[in-house]
Amino acid sequence: DVKVTQSSRYLVKRTGEKVFLECVQDMDHENMFWYRQDPGLGLRLIYFSYDVKMKEKGDIPEGYSVSREKKERFSLILESASTNQTSMYLCASSSTGELAKNIQYFGAGTRLSVL
Amino acid sequence: AQKITQTQPGMFVQEKEAVTLDCTYDTSDPSYGLFWYKQPSSGEMIFLIYQGSYDQQNATEGRYSLNFQKARKSANLVISASQLGDSAMYFCAMREFYGNNRLAFGKGNQVVVIP
């Protein structure tokens, strides 16, 4: 089975703190993604990566950065957390295989509260 | 412009009955994939079923089937013989061939199964 593991289920941070959200996948997937999910807004893509050290901005990259030093690990970084970054964060991974199929598999999510 | 539209309000369905969740999509890409995910209250996004734009037959996975009407650009999910564990949010998503592995998600449908 595909396993995507997010390091924390719940996280509480203070405004201005630097926050790291970690995601690890065990299926040798090339692609990894970070989303945030807010009520009424659905899932919005923050950043994604299609290879080690490669990254592309998604729809809402402001206030976030990412790091992919190893194929299995994709980190989301909040340089200076703000209250409007309180949200559910979901990591996903997919392979680059059969065109237009590439199912994304998700982790359990991290509920981040910034106080 | 919104690529995936899910407009049904929250639904209550009797256990053992079938339920249909509507999804319409918008794309000019001739090659694309459509996905349905389930998100229970625990938060994890669980992949359910996939339909490719060139697939001749409607996709089925156990109790899940996809009613794919390409000309109408709709991809409705049918859950047969509902179970209490089917209570969740359901998300429709699309990946376009030229979309760089990105998924566009709808805002979701809430389903509550009652005994």
Side-chain angles (χ1 to χ4, degrees), chain A residues 1-6 8-11 23 27 29-51 54-61 74 87-112, chain B residues 1-10 23 25 27 29-55 59 61 64 66 68 70 75 88-110:
Chain A
D1 276 355
V2 176
K3 189 77 173 175
V4 179
T5 304
Q6 293 184 231
S8 307
R9 289 299 305 273
Y10 300 93
L11 213 50
C23 177
M27 284 302 294
H29 284 169
E30 294 84 0
N31 309 309
M32 297 189 74
F33 307 81
W34 275 107
Y35 296 87
R36 66 176 281 176
Q37 183 179 21
D38 301 286
L41 296 178
L43 274 78
R44 294 179 291 168
L45 182 65
I46 305 172
Y47 267 99
F48 67 101
S49 167
Y50 50 89
D51 202 350
M54 307 302 288
K55 61 184 180 184
E56 284 202 26
K57 293 181 180 179
D59 300 318
I60 51 163
F74 192 34
S87 188
M88 171 73 141
Y89 290 88
L90 290 160
C91 174
S93 72
S94 72
S95 69
T96 302
E98 186 182 339
L99 293 176
K101 192 166 183 176
N102 302 355
I103 298 163
Q104 286 190 21
Y105 295 94
F106 284 79
T110 297
R111 294 185 189 274
L112 173 67
Chain B
Q2 200 168 350
K3 289 183 180 276
I4 297 287
T5 302
Q6 296 177 259
T7 55
Q8 287 165 301
C23 172
Y25 59 92
T27 181
D29 196 328
S31 177
Y32 52 90
L34 297 157
F35 304 78
W36 276 91
Y37 286 85
K38 171 185 177 182
Q39 188 180 41
S41 56
S42 59
E44 185 176 0
M45 294 283 283
I46 301 166
F47 166 72
L48 295 177
I49 195 166
Y50 166 84
Q51 179 83 44
S53 60
Y54 292 118
D55 292 344
E61 288 285 351
Y64 304 107
L66 206 151
F68 180 47
K70 193 170 182 177
M89 282 288 285
Y90 289 82
F91 292 90
C92 180
M94 176 176 65
R95 195 181 89 86
E96 295 165 297
F97 179 81
Y98 293 107
N100 204 4
N101 292 308
R102 297 176 58 156
L103 283 180
F105 282 86
K107 290 186 167 44
N109 296 107
Q110 180 74 54

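A, B, ... follow the sequence lines: proteins, then strands. Residue 1 opens every chain.
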Legend entry - Proximal component of B:Tyr54, with respect to chain A [non-hydrogen, under 4.5 Å]: neither
Inset, instruction - Hey, can you tell me if A:Phe74 and A:Trp34 have their rings parallel, tilted or perpendicular (30° and 60° cut-offs)? - result: tilted
Legend entry - Mutual orientation of the aromatic rings belonging to B:Phe105 and A:Tyr35 [parallel < 30°, tilted 30-60°, perpendicular > 60°]: perpendicular
Given heavy-atom pairs under 4.5 angstrom as the criterion, report whether the side chain, backbone, both or neither of [X] touches chain B.
X        : answer
A:Gln6   : neither
A:Ile103 : both
A:Arg9   : side chain

Legend entry - A:Lys57 atom NZ, neighbour heavy-atom count above 12 within 6.0 Å: no
Legend entry - N/O donor-acceptor pair under 3.5 Å between B:Thr27 side chain and B:Asp29 backbone: yes
Inset, instruction - Tell me, out of B:Lys107, B:Met45, B:Gln39, who's got the most heavy-atom pairs with chain A below 4.5 Å. - result: B:Met45
Legend entry - Contact check, side chains of A:Asp59 and B:Arg102, non-hydrogen atoms, under 4.5 Å: yes
